[in-house]
Amino acid sequence: MTTRGHLLLKLLFFASLLFAGPSAAAQTPEILKAEPPSWWIGSSLNPIRVLIKGRNLSGARVQIVGSGLTVVGVPKANQSGSYLFVDLAVSPNARPGERTLRISNASGSGSTRWEILPRLNRMGSFQGFSPDDVMYLVMIDRFSDGDQSNNDPSQSRGLYDRRNKYYYHGGDLQGVIDRLPYLKDLGVTAVWLTPWYDNYDRLNEIELKEGKPCTGFHGYNPQDFYSVEEHFGSLSKLRELVSIAHRMGIKIVQDEVVNHTGPYHPWVDDPPTPTWFNGTKQKHLANVFQTWTLHDPRPVALLKKETMEGWFLDFLPDLNQNDPEVTRYLIQNTLWWIGVTGTDGIRMDTWQYVPNSFWRQWTSAIKREFPRFTVVGEVKDGDVVHTSYFQGGRARDGADSGLDSLLDFPLFYSIRHAFAEEKNLDEIPKTLGKDYLYTNPNILVTLLGGHDDGRFMSEKGASIAGLKLANPFVLTARGVPQIFYGDEIGMTGADEPTTRADFPGGFPGDKRNAFTKQGRTREEDDAFEFIRKMTRLHTELKPLQRGELINLHVSAQQYAYARKTATGVVVIAINNDSKGVTIEFEVTTAGLANGDRLVDRLTSGKEIRVENGKVSVMLSPRSAAVFAPR
Ligand SMILES: [Ca+2]
Ligand SMILES: [Ca+2]
Ligand SMILES: [Ca+2]
């Protein structure tokens with residue numbers, strides 16, 4: 001900059017002081033929000049960094065009214081005085097309850113409540129999911145409307161319209177509570193709920209769907225990371241849901257996003273630090289989705305930067321996890337949700353677009369506070385080489401992410417090809433043959449459907465017969481099986497908006513209720529009963545959970561494998577051909593001996609016997625059998 005430029009800036013600066021200076025400095029602090037609003041005694045994280053949002057916070061002092069809570073160090077405000085970072089230490093001997101934070105400057109003070117929570121009751125909470133579970137993905141807005149009073153809330157009027165597939169449809173947390181007995185009956189032991197963060201209260205006029213504004217009904221566009229979406233319920237309703245689910249033996253998995261905020265988050269126009277986002281609304285990179293560059297040892301720097309820091313779809317503000325304040329905020333936010341709700345796991349959105357150096361700190365903080373807790377990351381890719389790169393257990397890009405599990409999309413595509421499109425079945429063992437690339441393939445979350453893809457039953461060539469092969473496979477193979485809501489009754493929907501259709505019977509005025517036997521069509525009930533039988537087998541037969549997977553027979557359209565533990569074995573045989581077939585294969589590697597007898601627990605009830613170290617299995621066209629010892 002030239003000297004003249006400097007002079008001009010100085011003049012402008014003094015002019016601004018003259019106009020706004022003394023009076024602005026003398027204005028009383030106003031407090032709008034404190035994040036987090038509470039913390040518990042005995043946390044592994046202490047002090048807590050509280051981000052206060054308000055006005056006139058520059059140079060303000062913070063005092064605590066009440067005991068057991070102290071301010072550590074000097075609070076730090078952003079330039080516009082709209083945010084203040086304050087470190088608060090919770091005494092191990094504090095009495096739980098509300099305290100007052102008084103924030104003052106020369107002209108006066110403002111205050112806000114802040115709550116010290118009791119030590120966490122860890123019994124039955126923070127359990128982590130495992131291959132013992134059967135997970136079920138619920139899109140909150142589209143599953144069940146249990147409270148019609150929140151369908152058109154005053155905070156965000158006009159976003160509810162069941163005829164518009166991009167608007168809110170009324171599903172909520174009470175609806176999930178109401179359907180827990182249905183899920184229990186189906187054999188579900190863990191429910192993954194799409195994000196419950198407060199999403200924007202207005203129409204999204206930046207992202208047009210079919211040329212028209214849409215809403216954040218899906219939950220992935222937060223405007224507030226510390227509140228529950230008002231269409232879904234409240235924090236107390238959420239805590240009620242988790243506690244009822246836990247009493248019924250069902251875990252809850254929270255869906256989180258830390259890569260970006262929604263387009264209308266207040267930070268976009270007023271960030272707490274200058275580097276809060278990668279770029280600004282006016283000037284940022286667009287995401288080019290060149291994810292292969294992330295593991296390329298010779299990446300083109302710009303491509304990699306555009307992928308890691310570019311704004312999703314050019315409008316989702318990309319959080320800068322290299323800013324230590326952002327890192328601190330996101331870590332505390334995650335711990336807070338787990339601590340105050342009691343959840344058991346996290347499904348993390350857009351995993352690959354966030355640096356491993358951040359993930360290492362984030363996962364370590366979780367495990368320090370909640371050692372059994374587990375996280376599954378979304379890496380939407382069909383390539384095992386690519387996907388496995390993101391699993392923790394080894395350093396990648398300079399840091400071990402610590403990530404437990406991934407959604408198994410490579411296997412998802414193979415499942416679709418084989419069982420929906422009736423292509424060769426051996427694509428599945430070929431995909432599983434790449435398991436050596438994962439640090440732990442047994443904890444991957446396996447699926448035949450999800451909320452970002454068209455449904456299984458809408459694939460070209462799909463049939464209930466195929467669905468009745470894909471489910472037994474997912475529920476007997478290695479990994480943590482996940483069912484997408486409605487797939488158990490063969491719901492259809494060919495693309496992202498239609499895959500998120502309302503569960504029939506979950507909404508006022510629905511003509512039938514597919515949550516009940518009477519409300520299902522014969523075909524739906526047939527699929528439901530079959531899948532229920534399969535989930536029950538998964539829960540009953542322990543080798544289907546923890547057993548080693550041993551391949552026994554592979555041909556173009558037949559696949560047989562065992563799941564073997566120290567104490568038991570189950571043999572699974574699948575025929576994907578439209579013709580019946582008899583296959584014979586060795587079973588000694590599965591620990592079976594001559595004379596051992598096994599019976600098909602899934603369909604035929606037929607018995608097979610081991611002779612000469614082999615079994616002979618007759619399979620009807622497109623059928624599966626699950627053989628367990630008599
Ligand atoms: Ca509702
Ligand atoms: Ca909202
Ligand atoms: Ca990013």
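In listed order, ligands and their atoms are each counted from 1. The model shown is predicted, which means the values in this text are computed figures rather than measured ones.
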Practice task
Find, among atoms of D201 that are N, O or S, the one nearest to the Ca ion (ligand 2), and state its name.
Solution key: OD1

Handout entry: Parallel, tilted or perpendicular, as decided by the 30° and 60° cut-offs, for the rings of F503 and Y182
Key = perpendicular

Problem - Sidechain-backbone polar pair: S458 side chain, T492 backbone, donor-acceptor under 3.5 Å - result: no

Exercise for the section: Give me the ring orientation class for F370 and F126: parallel if the planes are under 30° apart, tilted from 30 to 60°, perpendicular past 60°. Expected result: tilted

Fill in the blank from the handout: Listing protein N, O or S under 3.0 Å around the Ca ion (ligand 1) gives D145 OD1, D147 O, N150 OD1, N151 OD1, G170 O, D172 OD2

Practice task
Output the atom name for the N/O/S atom of E229 with the smallest distance to the Ca ion (ligand 2).
Solution key: OE1

Problem - Angle subtended at the Ca ion (ligand 3) by O of Y353 and O of M308, nearest 10° - result: 80°

Practice task
Would you please indicate yes or no on a ring centroid separation below 6.0 angstrom for F484 and F456?
Solution key: no

Handout entry: Verdict with supporting geometry, Y329 and N333, side-chain hydrogen bond (donor to acceptor under 3.5 Å, both in side chains)
Key = CA-CA 6 Å; Y329 180 94; N333 183 246; 5.0 Å; no

Practice task
May I ask you to decide if the ring planes of Y413 and F409 are parallel, tilted or perpendicular, using 30° and 60° as cut-offs?
Solution key: tilted

Handout entry: Verdict with supporting geometry, T498 and D495, side-chain hydrogen bond (donor to acceptor under 3.5 Å, both in side chains)
Key = CA-CA 5 Å; T498 53; D495 51 20; 2.4 Å; yes

Handout entry: Any donor-acceptor N or O pair under 3.5 Å, side chains D133, T189
Key = yes

Fill in the blank from the handout: Angle subtended at the Ca ion (ligand 3) by D318 OD1 and N259 OD1, to the nearest 10 degrees, is 80°

Practice task
Would you check if there is a donor-acceptor pair between the side chains of E30 and N56 at a distance under 3.5 Å?
Solution key: no

Practice task
Measure from the Ca ion (ligand 2) to each N, O or S atom of D198 and report whether any distance is below 3.0 Å.
Solution key: yes

Problem - Vertex the Ca ion (ligand 2), rays to OE2 in E230 and O in N199 - rounded to 10° - result: 150°

